[in-house]
Enquirer: 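Attaching a single structure in structure tokens format; questions to follow.
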Number of protein chains: 2
Amino acid sequence: MISMRSKYGLKALGYMARTTGKDSFLIADIAQAEGIPKKFLEAILLTLKNNGILSSRKGPGGGYSLAKSPAALTIGAIVRSFEGDLAPVQCLSETQQASCPECLDEDTCGIKLVMSDVASAVSAVLDNVTLADMLQKSEFERQKRTQMMDFAI
Amino acid sequence: MISMRSKYGLKALGYMARTTGKDSFLIADIAQAEGIPKKFLEAILLTLKNNGILSSRKGPGGGYSLAKSPAALTIGAIVRSFEGDLAPVQCLSETQQASCPECLDEDTCGIKLVMSDVASAVSAVLDNVTLADMLQKSEFERQKRTQMMDFAI
DNA sequence: TATATGTCTATATTTCATGTAGACTAATCC
DNA sequence: GGATTAGTCTACATGAAATATAGACATATA
């Protein structure tokens, strides 16, 4: 399960990417539009900024902006901002170079060997889907639904 | 991150599968051999039994046994015993037929669409690796290490 | 200087994972 | 059939983490 942070972060970024004609967004506006607790969103956007995904400006006329184009932002990078590396077991984490506390022999640990394949599979998906792709998938579903409704009429 | 339950469960099953010449195992013996808190292991083995992965007999001469051969037990089935279905978001869970509480429009949710691909990728790995495969991978690594040591001498 | 806006620190609350204690049930053996 | 062995069940303790909230602070603009 991914955290609410990740979901809220993705929703906020989706909102910013999909809203054309604006490039700067207030925390309060994003929070209201996406139904995210404002104070919680503050911390989330800050995390995204610290990970190079958003940029910000203080003061009147300020707000948050996407640091890169939606097609240049992978879902992997976004989710990793909140979940750390996506290691299914500690010993596969690259950021915290640590072994699993209970492991008796890490070199030959079968769990590690299998989970390594899982980690690769997850990364293969998330690092090859961008924020733009995600919005496009969503839009495609919306079109499908619209057409079904037209057909029904 | 998978839970300690899953890791302990996999370790216990690995121990049982790899120990030849015995088919019934005492909780206490498994706990000691694999360094797992005994009381905790009790609950874990019970879960595995309730999921059809282990069988048990009470009384003297009793203990736990694998319900199927290691080649017939997938890592997916084992891990799912502890983690539930491996849905990265609630709305993709099949067991608890629930939508994500914060979702505004589940039909077109981009997060759901992307995470569906993640779930498929994870299942593709875990449902195609068996307990026997896991042990074999481990043994292969052990052989590699032995050969490196021979070479060093 | 006043105001708008993001940033930081601290804390409250809840939930969950991990682990422990002890009573209970069932099977075997003598 | 009583003693012993071994799994099963219920309850709880503890600690960590996720989800928020409050309020003070810093900085940019007009």
Side-chain angles (χ1 to χ4, degrees), chain A residues 1-12 16 22-32 34-51 53-67 79 81-84 88-90 96 98 100-102, chain B residues 1-12 16 22-32 34-51 53-67 79 81-84 88-90 96 98 100-102:
Chain A
M1 288 276 184
I2 66 173
S3 62
M4 291 302 291
R5 292 180 130 81
S6 288
K7 290 199 219 173
Y8 286 156
L10 286 168
K11 282 163 76 103
M16 295 170 79
K22 270 177 80 172
D23 64 305
S24 186
F25 299 84
L26 302 187
I27 297 175
D29 290 350
I30 302 171
Q32 176 161 29
E34 294 293 321
I36 303 170
K38 183 183 164 234
K39 270 295 186 180
F40 197 25
L41 183 59
E42 276 184 27
I44 290 165
L45 298 185
L46 207 48
T47 297
L48 288 171
K49 178 188 174 178
N50 292 335
N51 282 271
I53 289 164
L54 289 175
S55 58
S56 70
R57 271 183 47 198
K58 288 182 182 178
Y64 277 101
S65 320
L66 295 176
V79 172
S81 299
F82 300 107
E83 314 289 331
V89 282
Q90 264 191 44
Q96 10 163 6
C100 299
E102 85 287 355
Chain B
M1 287 279 184
I2 66 174
S3 62
M4 290 303 289
R5 292 178 132 81
S6 289
K7 289 200 220 173
Y8 286 156
L10 287 169
K11 282 162 76 101
M16 296 169 79
K22 271 178 78 174
D23 65 304
S24 185
F25 299 85
L26 302 186
I27 298 175
D29 290 350
I30 302 171
Q32 176 161 29
E34 294 294 320
I36 303 171
K38 183 182 162 235
K39 269 296 187 180
F40 197 24
L41 184 58
E42 274 184 28
I44 290 165
L45 298 185
L46 206 48
T47 298
L48 289 171
K49 179 189 173 176
N50 292 334
N51 281 271
I53 290 164
L54 288 177
S55 59
S56 69
R57 270 184 49 198
K58 289 184 180 176
Y64 276 101
S65 320
L66 295 176
V79 172
S81 299
F82 301 106
E83 314 289 332
V89 283
Q90 263 190 43
Q96 11 162 5
C100 299
E102 84 288 356

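Letters go in sequence order (proteins before strands), and every chain restarts at 1.
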Enquirer: Assign each of G59(B) and R5(B) to its nearest nucleotide of DNA chain C by heavy atoms, then name whichever residue's nucleotide is nearer the 5' end.
Expert: R5(B)
Enquirer: So, does S56(B) get its side chain near the phosphate of dA6(D), meaning an N or O under 4.0 Å from OP1 or OP2?
Expert: no
Enquirer: Remember a base hit wins even if backbone is also touched, and classify L45(B) as base, sugar-phosphate or nothing at under 4.0 Å, heavy atoms.
Expert: nothing
Enquirer: For E83(A) and S3(A), indicate whether the former's side chain and the latter's backbone hold a donor-acceptor pair under 3.5 Å.
Expert: yes
Enquirer: Take atom CG of L46(B) and atom P of dC24(C), then tell me their distance rounded to the nearest Å.
Expert: 18 Å
Enquirer: For dG19(C) and Y8(B) - does any side-chain N or O of the residue sit under 4.0 Å from the phosphate oxygens OP1/OP2?
Expert: yes
Enquirer: In whole angstrom, what separates I27(B)'s CD1 from dG19(C)'s P?
Expert: 16 Å
Enquirer: What is the distance, rounded to the nearest whole Å, between atom NZ of K58(A) and atom P of dA28(D)?
Expert: 7 Å
Enquirer: Give the rounded distance in Å between these two atoms: NZ of K39(B) and P of dT10(D).
Expert: 13 Å
Enquirer: Which nucleotide wins on minimum distance to the side chain of L26(A), given the candidates dT20(C), dG23(D), dT5(C)?
Expert: dT5(C)
Enquirer: I44(B) has an atom CD1; how far is it from atom P of dA17(C), in whole Å?
Expert: 12 Å
Enquirer: Does a side-chain N or O of R57(A) approach OP1 or OP2 of dA4(C) to a distance below 4.0 Å, or not?
Expert: no
Enquirer: Determine yes or no for a side-chain-to-main-chain donor-acceptor pair under 3.5 angstrom, with K7(B) supplying the side chain and V89(A) the backbone.
Expert: no
Enquirer: Looking across every strand, which nucleic acid part, if any, lies under 4.0 Å from K38(A) by heavy atom: base, sugar-phosphate, or nothing?
Expert: nothing
Enquirer: For F40(B) and for A28(A), find the nucleotide of DNA chain C with the closest heavy atom, then tell me which residue's nucleotide is more 5'.
Expert: A28(A)
Enquirer: Where the side chain of N51(B) meets the backbone of T47(B), is there a donor-acceptor pair that is under 3.5 Å apart?
Expert: yes
Enquirer: Counting N and O atoms only, with roles assigned by atom type, does the side chain of S24(B) sit under 3.5 Å from a partner on the main chain of S65(B), one being a donor and the other an acceptor?
Expert: no
Enquirer: How would you label the contact of F82(B) with the nucleic acid (heavy atoms, under 4.0 Å): base, sugar-phosphate, or nothing?
Expert: nothing
